[in-house]
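Worksheet: one structure, shown below.
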Amino acid sequence: MAGMKVIGEKFKNDKIFVPGVLVAARAMNTGMEILKPKLIESGVQSAGKVVIGAVESDLHDVGKNLVAMMLEGAGFEVYDLGTDVPTEEFVKKAKEIDADIVGLSALLTTTMNEMGTIIEALEKAGIRDKVSVMVGGAPITEDFAQEISADFYAKDAAEASNVAKDIKKKIAS
Amino acid sequence: MKNMTSRERLTAVLNGEKPDYLPWSPLVDYYFLSSWDSKKAASIIDASQELEFDLMERHVPTYSEPFGASLELVCTNDVKYESVREEDKIFNRYITPKGTVEEKRVTTEKIKYGFIKKHYIEDIEDLRIYKYVLENLEFKSMKEEFKKKDKEIGEAGIAVPSAPLTPIQQFLQFLIGLEKTVYMLMDHPEEMQEVLDLIHEKNKECYEIILDYPSDVVIPYEDTSTTVLSPNMYENYCMDYIDEYAELALAKDTKYITHMCGKLSKLIDQLAAGKMDGIDSMCPPTSGDLWPYDAREELGDKKIIIGGIEPASLQKLSVDEVKDYVMDLLKKMQPGYNFILSTGDATPHGTPIKNLWAVAEIRDKYGKFPLNI
Ligand code: B1M
């Protein structure tokens with residue numbers, strides 16, 4: 001897992017590229033398959049629960065998958081809903097697993113507004129103050145995140161994992 | 001006063017001659033047209049007239065996946081192809097005596113031909129079946145259809161046929177997807193290489209057909225960039241193939257311009273050394289990371305650059321901001337040799353018409369060639 005942090009930093013600084021991150025993530029997952037039962041046995045808790053997906057009508061998943069991999073690498077339990085995820089699916093899953101973080105990804109200027117709709121739906125469902133919403137994707141900016149009242153914006157997968165860790169620390173304190 | 005038609009202007013740049021004005025040729029397709037209420041533009045040709053741009057109509061007469069080429073794929077012997085629609089889903093299958101490979105697509109209101117939800121190749125068994133498909137695949141020219149469309153475009157611009165993608169891009173974009181391509185290259189390097197080589201041979205057959213179309217240029221929709229690939233992968237899996245295809249085009253006196261709409265700054269040395277005649281859809285930040293004027297310094301004067309306007313910016317900026325953006329770009333591109341002002345990939349759905357007019361206005365005011373602003 002510490003290795004994934006190094007990978008994240010290298011990726012952020014253009015020292016390695018998407019294929020390199022994928023290879024590292026596969027190595028991590030192979031290791032985790034062996035370690036997971038032992039970690040559960042010895043009572044090690046996950047860093048937190050994250051529901052993640054690409055918003056409705058958005059089929060881009062490369063970036064979202066990298067974010068999910070980095071979050072897993074940072075010890076989070078990740079529930080990846082895939083792409084083109086309807087608003088109600090995010091709400092349903094967040095409720096069902098008692099999520100700490102809802103992660104939304106959008107790559108299109110035509111789909112990014114779905115993020116605001118999802119935040120409103122979390123509010124309507126009465127769980128907005130229980131979850132932190134993190135948004136990201138190529139057209140998303142800090143300003144846009146604020147505009148739609150998201151809690152956090154992350155520019156890339158490494159930042160997403162750092163933000164998630166900060167969120168967890170805040171919840172814990 | 002303009003004294004060239006759009007066709008003459010584009011043809012001049014493609015042939016290394018001087019245009020009267022800098023061509024303005026955004027990549028407009030049905031993604032943008034479907035958001036335009038105006039009844040004035042039922043076709044891309046109509047749009048070029050209404051929005052006053054020099055039309056380079058892409059993918060003429062078609063775009064046959066997974067090769068991404070403007071010709072027809074024909075299955076021979078005991079291989080069959082079928083496409084079945086079930087509500088919003090499309091299942092495309094190659095049925096062979098060795099087994100069936102199937103891709104699943106999902107259609108949306110805006111994207112009728114659908115997007116891949118499941119690729120043809122998911123494991124090594126599928127790769128073997130696809131290899132058999134390739135061995136029994138032939139291509140049919142669509143030259144007459146190309147000529148018909150080109151004639152229809154007339155002086156409004158030019159028709160451009162699409163050339164096949166490099167083998168690795170066919171894996172990434174259509175056949176296997178990014179993650180599995182990376183993993184299968186690690187797990188089954190020999191068999192993957194065999195199929196890459198076979199696709200390369202098939203590509204050469206495609207080039208023979210497409211280079212016979214009466215066009216000054218062919219564009220493969222490479223989409224190669226460090227947005228998804230590494231410079232190493234470019235060097236190992238793209239560069240030599242691209243050089244070979246560029247040579248085939250050169251032999252037929254046709255320009256070979258690769259569409260590369262992602263991040264290119266980390267590939268600039270390889271691109272400078274490459275044999276392609278130019279880069280299409282060069283995209284500045286934030287979707288891309290290369291401004292044409294920075295590229296010009298690295299690539300030299302000879303390579304044609306098509307692009308310069310980030311699509312998301314074109315959609316989001318105000319009219320005045322668009323004008324400033326384009327003015328700044330033209331100033332920095334002076335005198336403007338071998339440059340076609342365009343979008344760094346498709347003009348987005350919902351781009352305000354007034355923003356497109358704003359670009360045309362600046363081009364008309366300041367785009368007289370050679371640029372001297
Ligand atoms: C939860 O918290 C977080 C935090 C950070 C988060 C996050 C979530 N999600 C992402 N991040 C961040 O971290 C990641 C890793 O560091 C980063 O993720 P990214 O996703 O940004 O980066 C990835 C690592 C790599 N990036 C990518 O994979 C995207 C690359 C480009 C080339 C791209 C691809 C590959 C595809 N595309 Co599409 N595509 C383009 C892209 C062009 C480009 N230059 O970016 C873009 C995004 N596409 C575009 C378009 C228009 C389209 N695409 C479409 C389709 C496709 C493919 C299916 C062919 C394919 C996707 C395959 C797949 N499985 O994902 C269509 C839409 C489909 C749909 N409904 O979603 C279609 C509409 C094309 C058409 N005309 O039909 C453009 C959008 C323009 C706009 N105005 O919105 C585009 C910018 C291309 C362009 N230059 O015009 C960060 O953004």
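Note on naming: letters A, B, ... go to the chains in the order of the sequence lines (proteins, then strands), and numbering restarts at 1 for each one. Only this structure's heavy atoms are used, side chains among them; waters, hydrogens and symmetry mates stay out.
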(Q) Counting only heavy atoms from other residues, nucleotides and ligands, does the tally under 6.0 Å from NZ of A:Lys49 exceed 12? (A) yes
Q: Take A:Phe17 and B:Met233, measure what side-chain contact (heavy atoms from CB on, under 4.5 Å) needs, and give me the verdict at the end.
A: CA-CA 10 Å; A:Phe17 297 85; B:Met233 274 180 96; over 6 Å; no
Q) Pick from B:Leu185, B:Thr286, B:Thr226: which one has the most heavy-atom pairs with chain A under 4.5 Å? A) B:Thr226
Q | Heavy-atom proximity to chain B below 4.5 Å, by part of A:Asn65 | A | side chain
Q) Which bit of A:Met69 is near chain B, if near means a heavy-atom gap under 4.5 Å: side chain, backbone, both or neither? A) side chain
Q. Can you tell me if NZ on A:Lys12 sees more than 12 non-hydrogen neighbours from other groups inside 6.0 Å?
A. yes
Q | Distance, nearest 0.5 Å, that separates CD1 of A:Ile16 from CG of B:Asn232 | A | 11.5 Å
Q.
Does any backbone or side-chain atom of A:Val23 lie under 4.5 Å from a heavy atom of chain B? Answer side chain, backbone, both or neither.
A. both
Q: Mark yes when over 12 heavy atoms from residues, nucleotides or ligands other than B:Lys118 sit less than 6.0 Å from its NZ; otherwise mark no.
A: yes
**Q.** Value rounded to 0.5 Å, distance of CD in B:Gln315 from OG1 in A:Thr109
**A.** 3.5 Å
Q | Greater than 12 external heavy atoms within 6.0 Å of B:Lys316's NZ | A | yes
Q.
Can you tell me which portion of A:Leu59 sits under 4.5 Å from chain B's heavy atoms? Options are side chain, backbone, both or neither.
A. side chain
Q. What distance separates B:Met186 CE from A:Leu22 CG, expressed to the nearest 0.5 Å?
A. 10.5 Å
Q | A:Asp14 side, atom CG; B:Lys263 side, atom NZ - distance, nearest 0.5 Å | A | 8.0 Å
Q.
So for B:Thr227, is it side chain, backbone, both, or neither that comes closer than 4.5 Å to the heavy atoms of chain A?
A. backbone
**Q.** Stepwise side-chain contact (heavy atoms from CB on, under 4.5 Å) test for B:Lys117 and A:Asp84
**A.** CA-CA 10 Å; B:Lys117 271 278 193 185; A:Asp84 185 18; 4.2 Å; yes
